[in-house]
Amino acid sequence: MQISGAQMVIEALIAEGVDTVFGYPGGAIMNVYDEIYKQDSFQHILTRHEQAAVHAAEGYSKASGKVGVSMITSGPGFTNAVTGLADAYMDSIPLVVISGQVPMSLIGTDAFQEIDAVGISRSCTKHNYLVTDAKDLPRILKEAFYIARTGRPGPVHVDIPKDVTAQIAEFDYNVELDLETYKPHVKGNPRQIKKAMEAIANAKRPVFYLGGGIINSNAAYEVRDLVHTTGIPAVETFMARGTLSYDDDLLIGMLGMHGSYAANMAMSETDLVIALGARFDDRVTGKLSEFAKNAAVIHVDIDPASISKLVHANYPIVGDIKNVVNEMLKLSSMVDSNNYEPWRETIENFAQLHPLTFHEDSENIKPQWVVKRVGELLGDDANISTDVGQHQMWTAQFYPFTRPRQFISSGGLGTMGFGFPAAIGVKAAVPEKTSINFTGDGSILMNCQELMTAVEKKLPVINIILNNNFLGMVRQWQTLFYDKRHSETDLSVQPDFVKLAEAFGGIGYRVSTKKEFDAALKEAVERNIVAFIDVKVERFENVMPMVPSGGSLFNMMLLEKKESK
Amino acid sequence: MNDNNERRVVSVIVVNEASVLSRITDLFSGRGYNITSLTVAPIPESKYSRLTIVTSGSVRVIEQITKQLHKLIPVLRVYEHADLVEKEMALVKFPITENISDISAICNAYNGKIVNVGNDVIITMVADEPKRVDHYLEAIRKYNPKEIVRSGAVALER
C-alpha cells in the first residue's frame with residue numbers, strides 16, 4: 001500500500017505490538033504526531049521533557065521486558081534525549097527512539113532546530129539511522145526493533161527528516177531482514193560449556209557472579225535452578241538484584257563498592273568465578289589486580305567484547321544466558337553440591353562477622369529504615385525504581401527484592417533524574433503493582449516536572465524522598481576523602497516538596513517520625529495518587545560498607561560497631 | 001602475553017553505507033585507541049568496502065579493537081594481520097633544478113618512478129613497505145622536496 005512516511009511509523013509500531021509510546025512533539029516530528037492523533041492502537045504518554053520520555057521508555061522496557069519506544073523532535077528535542085540514550089546504552093536496555101529532523105533540503109544549512117542527531121547519537125546507541133527516503137522506512141524500522149532487542153540489547157535511534165515523513169511510498173512490513181553483518185551468537189559452544197561444568201565440579205570454593213544480562217535474557221528462573229542444583233553460593237551485581245529472592249539461602253548479597261562484607265570476601269577467596277551476564281565493572285571489581293586473585297574465571301556473555309575485556313576468562317562462553325544456563329543445567333549431575341559445604345560455612349561465617357546492617361536511631365529516621373519499612377509494608381507488591389545517590393545504594397542493599405524486573409535503576413551511567421520518569425514507565429507497563437521511586441532531595445529536582453505527566457496520565461508513582469538536605473553521596477566522599485570540605489553539596493535551601501506535589505495536582509507528605517511515615521505510605525497507596533513523601537532523615541548517614549574507589553574488595557570500610565554500655 | 005605497544009595492522013570489511021567510516025573512527029576516538037593510518041576503498045563488484053587500519057597497542061588492546069569493531073552493525077569481518085604483505089605509497093614533489101637522474105635512481109630502488117614532469121617541478125611516486133617508504137623519504141631529503149604526501153597502508157594476509 002502507498003502511504004506517507006509518518007503513517008509508516010505508526011503502522012510499524014502497531015506491527016511490532018507497541019502499546020505505549022513516550023514522547024514530546026515539535027516542528028520536525030509533527031507529521032508523525034498528526035498520525036498519532038488519528039490512531040487508537042497504542043497510548044501516547046506526553047512527558048514534560050524529552051530526557052524523561054526516554055527514561056520512561058527505559059522504565060517501561062525494564063519492567064515489561066519489551067522494547068521501549070520514545071518519540072521526539074529535532075534539535076533541542078533530540079539533544080535533551082541524549083542522556084536517556086546514553087543511560088539505555090550503558091545498561092543494555094532495548095529502545096527505539098524516533099526523532100524528527102529538518103527537511104532533507106535544509107540538512108547542513110544550520111537550519112532552525114537542526115542538529116547532526118545521528119552524529120551525536122553514534123557513540124551512545126547500539127545503532128542509528130538517518131532515513132533519506134520513505135521507501136527505506138519499513139526495512140529500517142524493522143531492523144531497528146530487531147537490533148534493539150537481540151544480541152546484547154540496546155537503544156537504536158532513527159532520525160527522520162520532515163519531508164520523508166510526508167513522502168508517499170510503498171509500505172510492506174513483511175520485508176525480509178537481510179542483516180548479513182549482524183548475527184548475534186546466542187548458542188554457547190557445547191565443548192566450552194562442558195569444560196566449564198568440569199571446572200565447577202573440580203572447584204572447592206566456586207561463586208556465581210550474577211549480572212544484569214540475566215535479567216535482560218529473562219533467565220533468572222533458570223539461574224535460580226542452576227544455583228540450587230549445584231548448591232553454589234551467588235553474589236549479585238547491582239544490576240542483577242532480584243535474580244535470586246532476598247531470602248534465598250544461597251544468595252550472599254550484592255558485591256562491589258557498597259556490597260556486603262560476605263559477598264566481597266567470597267569474591268576475594270573464591271577459586272572459581274562463574275560470571276553470568278556480568279561485565280566486571282569497576283564499581284564491582286575494585287582494584288582489578290586484586291579481584292578474585294586466585295580464581296579461574298568462567299565468563300558467559302552474549303557480547304564477545306565483554307569477555308576478557310577486564311578480567312581474563314579461562315572459560316569464555318559467548319551466548320545467550322538463558323540458552324547457556326539451560327545447557328549447564330543438563331550437565332548439572334556432574335556437580336556434587338555436598339563438596340561445597342565447607343565453603344558455604346565459610347561464607348556464613350563472613351556474613352555473621354559483619355552482617356549488612358545499620359544503627360537504629362531513636363531520634364532521627366535512618367534512611368535504611370525507610371527502605372526496609374517499605375519492604376515490610378509492600379514487599380513483592382511494589383516495583384522499585386530509584387534515582388542516583390545514597391538512597392539508590394541503600395535501596396539496593398536493604399529492599400527485599402523477590403523477583404527479576406522488580407528493581408529499576410540507572411547503573412552504568414548513574415543518571416540523577418532517572419527514577420521518577422522511569423517509575424512512570426514502570427507503572428504504565430505494570431499497573432497492578434505499586435510503583436515506588438526512592439529518590440533524594442538532589443535527584444528529584446532533576447526531573448520533578450514529570451509530576452505533571454504522572455498526574456495527567458493517572459500513573460500514581462509514590463516518590464519517597466530520603467531528604468538529608470545534602471547531595472548525599474558526594475557529601476559522603478567529601479567527608480571521607482576531602483577532609484569534610486562539603487563544597488556545594490549542602491542543599492539546605494529547598495523547595496516545599498509538599499506544596500510542589502500539590503501544585504501539580506498530586507499529594508505531598510512531610511514526615512519526621514516513623515509513625516508518620518507508615519501513615520503517609522498507607523494513605524498514598526490507598527488513595528492511589530501521585531505522591532511525594534518527604535522524609536527527613538539523618539543528615540550525616542553514610543552508605544556502608546564501602547570499598548574506596550580503586551581499593552581492593554577485601555579492604556572495606558565497615559560500619560563502626562556501636563560501643564556496648 | 002605481550003603487553004608492548006606494538007604496531008599492528010587490522011583490516012575491516014564493512015557494508016558501503018553512509019557514515020560507516022565515522023562509525024569506525026568514532027569508535028577509535030571514543031575508546032582512546034590510536035590510528036596511525038587508515039585507507040579505505042570499495043571492494044570491486046561487491047557492496048562492501050575494505051579499510052586497512054594501522055594502529056598500535058598491547059595484545060589486549062588489539063583484541064578489544066577487533067571485538068569492538070566487530071560489534072558495529074555494518075562490519076562484516078575484522079582481520080588482525082600477522083603474516084602479511086603490506087604496501088604504502090608516497091608522492092613527492094621536487095624542484096626541477098634538482099638532480100633528476102639521482103632522484104629517479106633512488107625511486108627505482110624503492111619500487112617507484114617519476115610520474116610527472118612540469119615546468120618547475122617533478123613528481124615521483126614510490127610504493128613499498130611502510131618502513132622502506134620511511135627510508136626513501138630519508139634518502140631524498142637532500143634533494144629539497146617541496147611537498148610530500150603519504151597514503152595509509154594497504155595489506156593482505158599472505
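Atom CD in B:Gln64 sits 8.0 Å away from atom OG in A:Ser306 (nearest 0.5 Å). For the atom pair A:Thr181 OG1 and B:Leu72 CG, the distance stands at 9.5 Å (nearest 0.5 Å). Here the CG-NE2 distance, from A:Asp303 to B:His70, works out to 12.0 Å after rounding to the nearest 0.5 Å. Remark: B:Lys71 NZ to A:Lys126 NZ distance equals 8.5 Å, nearest 0.5 Å. Note that CG of A:Asn128 and OG of B:Ser19 are 6.5 Å apart. Values are rounded to the nearest 0.5 Å.
Residue-environment remark: NZ (B:Lys113) stays at or below the threshold of 12 foreign heavy atoms within 6.0 Å. More than 12 non-hydrogen atoms from other residues, nucleotides or ligands lie less than 6.0 angstrom from CG of B:Asn144. Around NZ of A:Lys142, the count of heavy atoms belonging to other residues, nucleotides or ligands within 6.0 Å exceeds 12. For B:Lys142, the NZ atom counts as loosely surrounded, since its 6.0 Å shell holds 12 or fewer non-hydrogen atoms of other residues, nucleotides or ligands. Around CG of B:Asp83, the count of heavy atoms belonging to other residues, nucleotides or ligands within 6.0 Å exceeds 12.
When all heavy atoms are compared, the tightest approach of B:Arg60 to A:Leu310 is NH1-O, 3.6 Å. The two residues A:Ser308 and B:Lys67 come nearest to each other via the heavy atoms CB-NZ, 4.4 Å.
The part of A:Ile147 that comes within reach of chain B is its side chain, from C-beta onward, which places non-hydrogen atoms under 4.5 angstrom from that chain.
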